[in-house]
Structure formats: C-alpha cells, structure tokens
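Okay, so here's the structure we're looking at.
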Protein chains: 2
Amino acid sequence: MLSQRARYAVKAMLNIARTPESASQVRSISDEEGIPRRFLEVIMVDLRRAGLVESARGKTGGYRLARPASLISFAEILRTIDGPLALLPCASRNFYARCADCPDTVHCALSLVLAEARDRMASVLEGTTLADADALDRRFQLLREVA
Amino acid sequence: MLSQRARYAVKAMLNIARTPESASQVRSISDEEGIPRRFLEVIMVDLRRAGLVESARGKTGGYRLARPASLISFAEILRTIDGPLALLPCASRNFYARCADCPDTVHCALSLVLAEARDRMASVLEGTTLADADALDRRFQLLREVA
DNA sequence: TTTAATCCCTATTAAAAGAGTAGGATTATG
DNA sequence: CATAATCCTACTCTTTTAATAGGGATTAAA
C-alpha cells in the first residue's frame, strides 16, 4: 500500500502538470487537492531534491516540473517517496539488498517470484507518465461535462 | 514491501509443503527457518483461520496444508497476512474501497494505472503456487550438491 | 525600501503499525 | 495423569507515519 505521502505527491505532481505555463504554489495545490499545507511543503522538498520539480522562491515563486510531463513516470514519483516498488529488497532493482537470512540470493524461489511480480508491475508504472494520466483525466472531464 | 510476518508465513508454508506426509510442528518450523517460535504460533493461527492450513492439537499435533501445494498461490498467502496486493484500496479487487476524497472512482487516472499495475503483479502471484516454488527450490538444491 | 508572499529548514508531537513476548487454557496421545 | 502440542488474549517495545509549529531566507512588486 502507498503511504498518504505518496498519494499526496502524485496528486500534487498531477496538479502541477496541469498548468505547465505557470508556477504552482503550495497554497493553491493544497487547497485544490485537499492536502494539509504544511505537510505538502515537506513533501515538495523531497520531490525537488529528487530532481522531479524545480522551485522558485519569493513573491511569484512556486513549483514547476523539472522535465516535460511526458518524461516523468509514476514509478519515479512513488520510488522517491515510498522507496522500492518490489515486495522484498532482494527483488528490487533500484534498492537491491540481499536478505539477511537467505544465504543464496540467486537460487531462491521466493526471490524469483517476487522479482517477476515486481518487473510486471514496474513496467506499467515506468511506462505511464504524468502526461498520460493528465490526458486521461481531461478526457474524463469532457465526458462529465457532456453528461 | 512485505511485512516480516508475511515473509515468515511464506517460509513456513514452504516448509510445511516440503513434507506433505506428516504434520509439521511450530517448534521444528521455527528452528529450521529461524523464526521466533511464539511469533510463528500467532501467524499460523491466521493461516489456519484463512483456510490455508489445518491444525491438529495434542501430542502428535501440528500443521498440514489444507489443500495440495499446487492449489495454494503466493497471492493467497500474502493477502491473508498483509492484506491487499494493490497500491491503493481503490485499485484492489479483493479489498476494494473507494478513496475518501476521490468522488468519481471509475474516472480516475491514478486508480486506473494502479489497477493495471496490480493486475500484472497479481497474475504472477496468483499463478505461482507452493508446488512451483518447491520444485524450483529442489532443483536449486540439486545444483548445489553437484557443485 | 518596505512589504508581503513565497519556499525552506529543523524540531516536535500524536497516533498507528510492526515485531515480538508472556501466561495460561485447551486438547490429544501414551 | 503427564506430556507436548495448538490456541487465545493481552501486553510491551520500537519504528514509522501523519501532521504541526516556528521561524529563517529569498524575491517580486508596491
């Protein structure tokens, strides 16, 4: 399960992606998405340190995506906030660590199964970007307006 | 990430699957797998209540698989101990719950992406049984003996 | 140059989850 | 009846998570 932080992070990133022309401010993001302002500030710092957003201070400051929305995947956001996607460290690619007890990490059925599961899941999350999600949400929005 | 409980549960189930002819006792499982005995007892009760193992009390008691190992999937074990495989309740099939904030659960890009990720991962975990893992581990065992 | 609005940094708190323990009740066998 | 197993409830300890608090640094605009 994702942490609340990760859910907030994704929502914030989607919010920012929606207005690429201007910087998005924490205050407005937190209002629009229903995220505690102070909490979101802390999360945004993590996203900035991870190189996913850029910040500007001062009166007209705020956050922008560090790259086009089509180059920021869900996987990257989730990994930044919650760490590995895999179900065990020994099945992780970006945060690999061998199990303390398991002497032979390569010849372990559990590790193999979980690695395969991770790869399948990761391929979806790596392959879907903020731009994809934004496009989808806009389409849903249209449908709602028609109905 | 899996909880320690879930990792222990899988290891215990694999241990039991290895000797289908006799009942496995908590004491021996905990010794062989390096799991705290008292802790494992609690875990086994959960597995029994979920219908994955059957127990016998008394002097020659112990645990057996409730079904053939080829009919017990990793998914079932993990779900029993850690709950949903999905990254959010709104993307879960067995523990579905709509998000409190998200008014329109069907037309939500995040939900769709996570559901797809869940399905891919779940198909691996549903499709792999204790028998599969056991067979694989036995093969690894042979390789080690040759070397 | 003042002001106000932003991001930024470090602590702190409160609640929940996770890991493991303890004691004793129940049940079956010999 | 003695023994050895599962079972049940409750408890402790630690870590993580969620959120808040106070103030400092920065910058654009009035």
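Labels below follow one simple rule: chain letters A, B, ... track the order of the sequence lines, proteins then strands, and each chain is numbered from 1. All figures in this text were calculated on a predicted structure; none of them were measured in a lab.
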Exercise for the section: Step by step, work out the side chain to side chain contact (heavy atoms under 4.5 Å, CB included) result for B:L78 and A:L87. Expected result: CA-CA 10 Å; B:L78 299 186; A:L87 292 175; 4.2 Å; yes

Problem - Step-by-step side chain to side chain contact (heavy atoms under 4.5 Å, CB included) determination, B:L114 to A:L2 - result: CA-CA 10 Å; B:L114 296 187; A:L2 294 186; 4.2 Å; yes

Handout entry: Full working for side chain to side chain contact (heavy atoms under 4.5 Å, CB included) between A:K11 and A:L14
Key = CA-CA 5 Å; A:K11 286 192 153 194; A:L14 282 169; 5.8 Å; no

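The nearest whole Å value for the distance from the CZ atom in A:R38 to the C1' atom in C:dC7 is 11 Å. Between the CD atom of B:Q25 and the P atom of D:dT3 there is a distance of 17 Å, given to the nearest Å. Taking atom CD1 on A:I29 and atom C1' on C:dT6, their separation rounds to 12 Å, with Å as the unit. Residue B:D82 contributes atom CG, which lies 7 Å from atom P of C:dG18 at whole-angstrom precision. Per the geometry, CD1 belonging to A:I43 stands 16 Å off C1' belonging to C:dC9, to the nearest Å. In this entry the distance linking CD1 of A:I35 with P of D:dA19 reads 10 Å, nearest Å. At whole-Å resolution of the value, CD in A:E54 and C1' in C:dC7 are 14 Å apart. Atom pair A:L47:CG and C:dC7:C1' shows a separation of 14 Å (rounding to whole Å applied).
Taking 4.5 Å as the limit, every side-chain heavy atom of B:P20 sits out of range of all side-chain heavy atoms of B:L65.
Remark: side-chain polar atoms of B:S30 are paired, donor with acceptor, to backbone N or O of B:R27 under 3.5 angstrom. Looking only at distances, no side-chain donor or acceptor of A:D46 sits under 3.5 Å from a matching main-chain atom of A:I43.
Here the options are A:P89, A:S111, A:C108, A:C90, the test is side chain to side chain contact (heavy atoms under 4.5 Å, CB included), and the partner is A:C99; only A:C90 passes.
Both B:G61 and A:P36 lie near DNA chain D, and the one whose nearest nucleotide falls closer to the 5' end is B:G61.
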Considering only nitrogen or oxygen atoms on both sides, find all protein atoms under 3.5 Å from nucleotides 9-12 of chain D and state each distance.
none

Close N or O pairs between protein and nucleotides 26-30 of chain C (under 3.5 Å):
| unit_1 | atom_1 | unit_2 | atom_2 | d |
| --- | --- | --- | --- | --- |
| C:dT26 | O3' | B:R57 | NH1 | 3.3 |
| C:dT27 | O4' | B:R57 | NH1 | 3.1 |

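A tilted orientation is assigned to the rings of A:H107 and B:F140, their planes being inclined by 30° to 60°.
The residues A:R38 and A:E41 are annotated as salt-bridged, a charged nitrogen and a carboxylate oxygen being separated by less than 4.0 angstrom. A:D137 and A:R18 are not joined by a salt bridge, as no carboxylate oxygen comes within less than 4.0 angstrom of a charged side-chain nitrogen. Under a 4.0 Å N-O distance rule, the pair B:R93/B:E126 does not qualify as a salt bridge.
At the phosphate of D:dC8, OP1 or OP2 sits under 4.0 Å from a side-chain N or O atom of B:R48. Distances shorter than 4.0 Å separate some side-chain N or O of A:S55 from OP1 or OP2 on C:dC8.
Side-chain proximity of B:Y63 to D:dA19, C:dT6, D:dT6: nearest is D:dT6.
Remark: the B:R37 side chain and the C:dG20 base include no donor-acceptor N/O pair separated by less than 3.5 Å. Judged by distance alone with a 3.5 Å cut-off, a donor-acceptor contact links the side chain of A:E41 to the base of C:dC8.
Taken residue by residue, residues 1-15 of chain B places heavy atoms nearer than 4.0 Å to DNA chain C at B:S3, B:Q4, B:R5, B:Y8.
Side-chain contact, B:S28 with B:D31: no donor N or O sits under 3.5 Å from an acceptor N or O.
No contact: A:R27 has no heavy atom under 4.0 Å from any strand.
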